[in-house]
Peer 1: 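Take a look at the following structure, please.
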Amino acid sequence: MGHIHAVASDPGSGDVLLATHGGLFRLGPSGTTPVGPAVDLMGFAVAPDGAYLASGHPGPGTDLDQPVGLIRSEDGGQSWSAVSRAGKSDFHTLTVGPGVVAGFDGALRVGTDGSSWQQRPIPAPPRTLSASPSGDRLLATTEQGLLSSEDQGRAWAPVATPDLLVTVAWADADTLVGVSVTGTLVISEDAGGTWTAGGSVGQASAVSATRTADGLDVLLVVGETVVRTTDRGETLERVV
């Protein structure tokens, strides 16, 4: 697989999706299997309609430009088609919500469906971007702290957190899960108003969170491994 750039859960099957240097991998009942062509997926997100959006670099034998710009898969990653900015953009972070797509390729670009973009200002380069489930709010983790925008990136405001966050994700409309620079899992259940600290999970580079009937299901990329916690970081289970 190589380096794991992003982790997500397929909303239809519940399978764990790994966007990696060697392409997309799916972790299901039969184990971890490669899916589709070996595209270096630097940015990856699952759209509300279940389609996959990604960016990065083409692998051998793929009919995609370098860099690929924004690409889309409607067959679970088996094939990819160019949407926009082919040969121009390598989005190292990418997020999608209802009516909004945002990515950073050295500049923050925001659009409604990814076919066209507007460049937006941001106080500091985002390491990660995360759109709320309703699509009306964007969050960015930066060296200046967590930033929030309620107008698709036109204006940004700081969000107070217990420590500097490396990555953050929405679990539902009210619940945010992040990892601090010290490796602590932090959780907000009022959309960032207040935060509580969970367990130590290590130096995570990516996070994905889902609200379940039993609580929170959190997936984390830590180094070259993927771990899961269902008890707010108190215990970790290695997934890959």
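Predicted model, so just to flag it, every value in this text is computed and none were measured. These numbers come from the heavy atoms of this one structure, side chains and all, not from hydrogens, waters or symmetry mates.
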Peer 1: Do Leu139 and Leu147 belong together in a cluster built from hydrophobic side chains that touch within less than 4.5 Å?
Peer 2: no

Peer 1: Compare all side-chain heavy atoms of Leu94 with those of Leu53 and state whether any distance is below 4.5 angstrom.
Peer 2: yes

Peer 1: Do the charged groups of Glu74 and Arg72 touch, with an N to O distance under 4.0 Å?
Peer 2: yes

Peer 1: Applying the 4.5 Å side-chain criterion to the ILVMFWY set and letting contacts propagate, would Val168 and Val207 be lumped into a single cluster?
Peer 2: no

Peer 1: Between Phe91 and Phe104, does the ring centre distance come in under 6.0 Å?
Peer 2: no

Peer 1: Check whether any side-chain heavy atom of Leu185 sits under 4.5 Å from a side-chain heavy atom of Leu220, and report yes or no.
Peer 2: yes

Peer 1: Look at the side-chain heavy atoms of Ile, Leu, Val, Met, Phe, Trp and Tyr, link any pair under 4.5 Å apart, and say whether Leu129 and Val96 land in one connected group.
Peer 2: no

Peer 1: Under 4.5 Å between any side-chain heavy atoms of Thr62 and Trp80, yes or no?
Peer 2: no

Peer 1: I want to check something: taking the side chain as every heavy atom from C-beta on, are His3 and Met42 in contact at a cut-off of under 4.5 Å?
Peer 2: no

Peer 1: If you measure from CD on Gln118 to CZ on Arg154, what distance do you get to the nearest 0.5 Å?
Peer 2: 6.0 Å

Peer 1: Under a 4.5 Å cut-off applied to non-hydrogen side-chain atoms, are Gln78 and Val35 in contact?
Peer 2: yes

Peer 1: Would you kindly confirm whether Val68 and Phe44 end up in one hydrophobic cluster when ILVMFWY residues are joined by side chain heavy atoms under 4.5 Å apart?
Peer 2: yes

Peer 1: Below 4.0 angstrom, N of the basic side chain to O of the carboxylate: do Arg238 and Glu224 qualify?
Peer 2: no

Peer 1: Below 4.5 Å, heavy atoms only, C-beta onward: do Val201 and Val179 meet side chain to side chain?
Peer 2: yes

Peer 1: Kindly determine whether His57 and Asp90 satisfy side chain to side chain donor-acceptor pair (under 3.5 Å), including the steps that lead there.
Peer 2: CA-CA 7 Å; His57 308 280; Asp90 171 16; 2.9 Å; yes

Peer 1: Could you tell me whether the side chain of Arg211 reaches within less than 4.5 Å of the side chain of Asp174, counting heavy atoms only?
Peer 2: no

Peer 1: May I ask you to test the Val7-Val239 pair for a side-chain heavy-atom distance under 4.5 Å?
Peer 2: no

Peer 1: Does any donor atom in the side chain of Asp214 or Thr212 lie under 3.5 Å from an acceptor atom in the other side chain?
Peer 2: no

Peer 1: Is a side-chain N or O of Ser9 found less than 3.5 angstrom from the main chain of Pro11, in a donor-acceptor match?
Peer 2: no

Peer 1: Are Thr95 and Ser130 linked by a side-chain donor-acceptor pair shorter than 3.5 Å?
Peer 2: no

Peer 1: Indicate yes or no: does Asp65 engage Arg85 in a salt bridge with an N to O separation below 4.0 Å.
Peer 2: no

Peer 1: Do Ser84 and Trp117 have side-chain atoms, one donor and one acceptor, less than 3.5 Å apart?
Peer 2: yes

Peer 1: If I take atom OG1 from residue Thr229 and atom CD from residue Glu234, how far apart are they, to the nearest 0.5 angstrom?
Peer 2: 7.5 Å

